[in-house]
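Below: the structure, in structure tokens.
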Number of protein chains: 2
Amino acid sequence: MRHNRASNEDRTLPQPDSPNPARGSVASPWDGVADRLRASGLRWTPQRRTLVEVLREHEGHVTATDLIARCRELDRTTTPSTVYRTLDVLENLGLVRHGHAADGREEYHVLPEHVHGHLHCVGCGATWEIRPETGALIVDALAADLGFSVDLTHVTIAGRCQGCQE
Amino acid sequence: MRHNRASNEDRTLPQPDSPNPARGSVASPWDGVADRLRASGLRWTPQRRTLVEVLREHEGHVTATDLIARCRELDRTTTPSTVYRTLDVLENLGLVRHGHAADGREEYHVLPEHVHGHLHCVGCGATWEIRPETGALIVDALAADLGFSVDLTHVTIAGRCQGCQE
DNA sequence: GGTCGTAGCGCAACGCGTTGCAATAGCCAC
DNA sequence: GTGGCTATTGCAACGCGTTGCGCTACGACC
Ligand SMILES: [Mn+2]
Ligand SMILES: [Mn+2]
Ligand SMILES: [Zn+2]
Ligand SMILES: [Zn+2]
């Protein structure tokens, strides 16, 4: 059950002579995670480091199950419950955002730039992102109705795409 | 494992002298189920009868788990997988319609009169039905966008109600 | 570098829903 | 009423996600 990681620091220290964190790489929202966690009394653990390494290599949508599988490749001792709990933490920091696919399974938006919902066709099984303008229409309609503030990202709407209607 | 039911016929025969099926009771969409099933080569089984008896006593929304529990009260040998499969069958006949609550659990609309979606407030946990006119706006917005035909009933949209916004 | 309070870990068990399979039992036709 | 085709059942196992608990180890402070 030992984790033979070299250090508990934020970077993996490939070049110990690299003085500037930003040197040679684009500044990434992931760079500050360790400090942001510690600043709130939370901790930077090997398990969390693994998940963040995995998230770094993803853009857009990933399944929770995929993330767990990928973590397991980097660290075979990975436990699902730990991954789920860490995803919760990262969601509170705004670094990921989860939604539910048509079958209810969790799907993560990594570093979401613009919030969007999904459409799922029960005919062909395809999925689309709802365009921002269309999303805004939905949000507005429900705001006007009950003053309800919709969280589009959490939901995927089912139905039939144009091609699948008779 | 014996089911000591008196008969395999549609009615439970409380008064063997009741000649007219409609006598003394309102005609119910449930009355024809046995025949509708048989007409499609499907079967009318004790397990299905139990579930229909349970559904008869419900109007509006029920959880799959609730239905299973109630079936178990009538017949302690009830098995979840059978209930789920029968619910599928009844959904194909249009007698129930399932959706997903905010946590993903299944919720059944029994004899849905008008199709509607749900709102769920992540603040207070309350749930509302989306009013038909507002639902229509959503349906229209997505029809106009990609020609997508929305199935509102299947989804509940998350967000914050008026009272829960700061 | 050493102490210590507590956040986080792994584990085991649970809840909901689905699926494959062998045995059962509707129901239709005779 | 009997026979036979096959839809349906129960079971066992699985997949996804959550939760409670006792032990570990992060990291703030000295
Ligand atoms: Mn569904
Ligand atoms: Mn959710
Ligand atoms: Zn389609
Ligand atoms: Zn609320």
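These values consider heavy atoms only, across backbone and side chains, with no hydrogens, waters or symmetry-generated copies.
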Subject >> Any Tyr84(A) side-chain N or O less than 4.0 Å from OP1/OP2 of dT18(D) >> reply: no
Original post:
Any side-chain heavy-atom pair from Tyr108(B) and Leu55(B) closer than 4.5 angstrom?
Top reply: no
**OP:** Would you mind checking if Asp31(A) and Arg56(A) are paired as a salt bridge, meaning a charged N to carboxylate O distance below 4.0 Å?
**Re:** yes
Subject >> Between His109(A) and Thr153(A): side-chain donor-acceptor atoms closer than 3.5 Å >> reply: yes
Original post:
Whole Å only: how far is the CG atom of Asn92(B) from the P atom of dA7(D)?
Top reply: 15 Å
Subject >> Spacing of Glu106(B) atom CD relative to dG17(D) atom C1', expressed in whole Å >> reply: 15 Å
Original post:
With distance as the sole criterion, do the side chain of Ser81(A) and the base of dC11(C) form a donor-acceptor contact below 3.5 Å?
Top reply: yes
Original post:
CG of Asp35(A) versus P of dC26(D): gap in Å, rounded?
Top reply: 17 Å
Original post:
Hey, does the side chain of Arg105(B) come within less than 4.0 Å of dG15(C)'s phosphate (OP1/OP2), counting only N and O?
Top reply: no
Subject >> Polar pair under 3.5 Å, donor/acceptor by atom type, side chain Arg48(B), base dT8(D) >> reply: no
Subject >> Nearest to side-chain heavy atoms of Ala64(A), which nucleotide of dC9(C), dA7(C), dG17(D) >> reply: dG17(D)
Original post:
For Thr65(A) and dG17(D), is the shortest distance between a side-chain N/O and OP1 or OP2 below 4.0 Å?
Top reply: yes
**OP:** Verify, without hydrogens or angle tests, whether Ser40(B) (side chain) and Arg36(B) (backbone) share a donor-acceptor contact under 3.5 angstrom.
**Re:** yes
**OP:** Look at the side-chain N and O atoms of Gln47(B) and state whether any lies under 4.0 Å from the OP1 or OP2 oxygen of dG10(D).
**Re:** yes
Original post:
Are Thr45(A) and dC26(D) close enough that a side-chain N or O sits under 4.0 Å from OP1 or OP2?
Top reply: no
Subject >> Rounded distance in Å - CZ (Arg43(B)) to P (dG4(D)) >> reply: 16 Å
Original post:
Mapping Pro80(B) and Leu37(A) to their closest nucleotides on DNA chain C, which lands nearer the 5' end?
Top reply: Leu37(A)
Original post:
Counting just side-chain N and O atoms, does Arg38(B) come under 4.0 Å of either OP1 or OP2 of dC27(C)?
Top reply: yes
Original post:
Between the base of dG20(C) and the side chain of Arg85(B), is there any donor-acceptor pair under 3.5 Å?
Top reply: yes
Original post:
Just how far, in rounded Å, is P of dG8(C) from CG of Asp88(A)?
Top reply: 12 Å
Original post:
Quick one: Asp66(A) CG to dC16(D) C1', roughly how many Å, whole number?
Top reply: 13 Å
Original post:
Relative to the ring of His98(B), is the ring of His100(B) parallel (under 30°), tilted (30 to 60°) or perpendicular (over 60°)?
Top reply: perpendicular
Original post:
When you measure from the side chain of Thr82(B), which nucleotide among dG17(D), dC26(D), dG10(D) comes out closest?
Top reply: dG10(D)
Original post:
Among side-chain atoms of His116(B) and His118(B), is any donor-acceptor pair under 3.5 angstrom?
Top reply: yes
Original post:
Could you give the CD1-to-P distance, from Ile68(B) to dC16(C), as a whole number of Å?
Top reply: 8 Å
**OP:** Have a look at Gly41(A) and say if it touches a base, only the backbone sugar-phosphate, or nothing, with a 4.0 Å heavy-atom cut-off.
**Re:** sugar-phosphate
Original post:
Whole-Å distance between dG17(D) P and His154(A) NE2?
Top reply: 12 Å
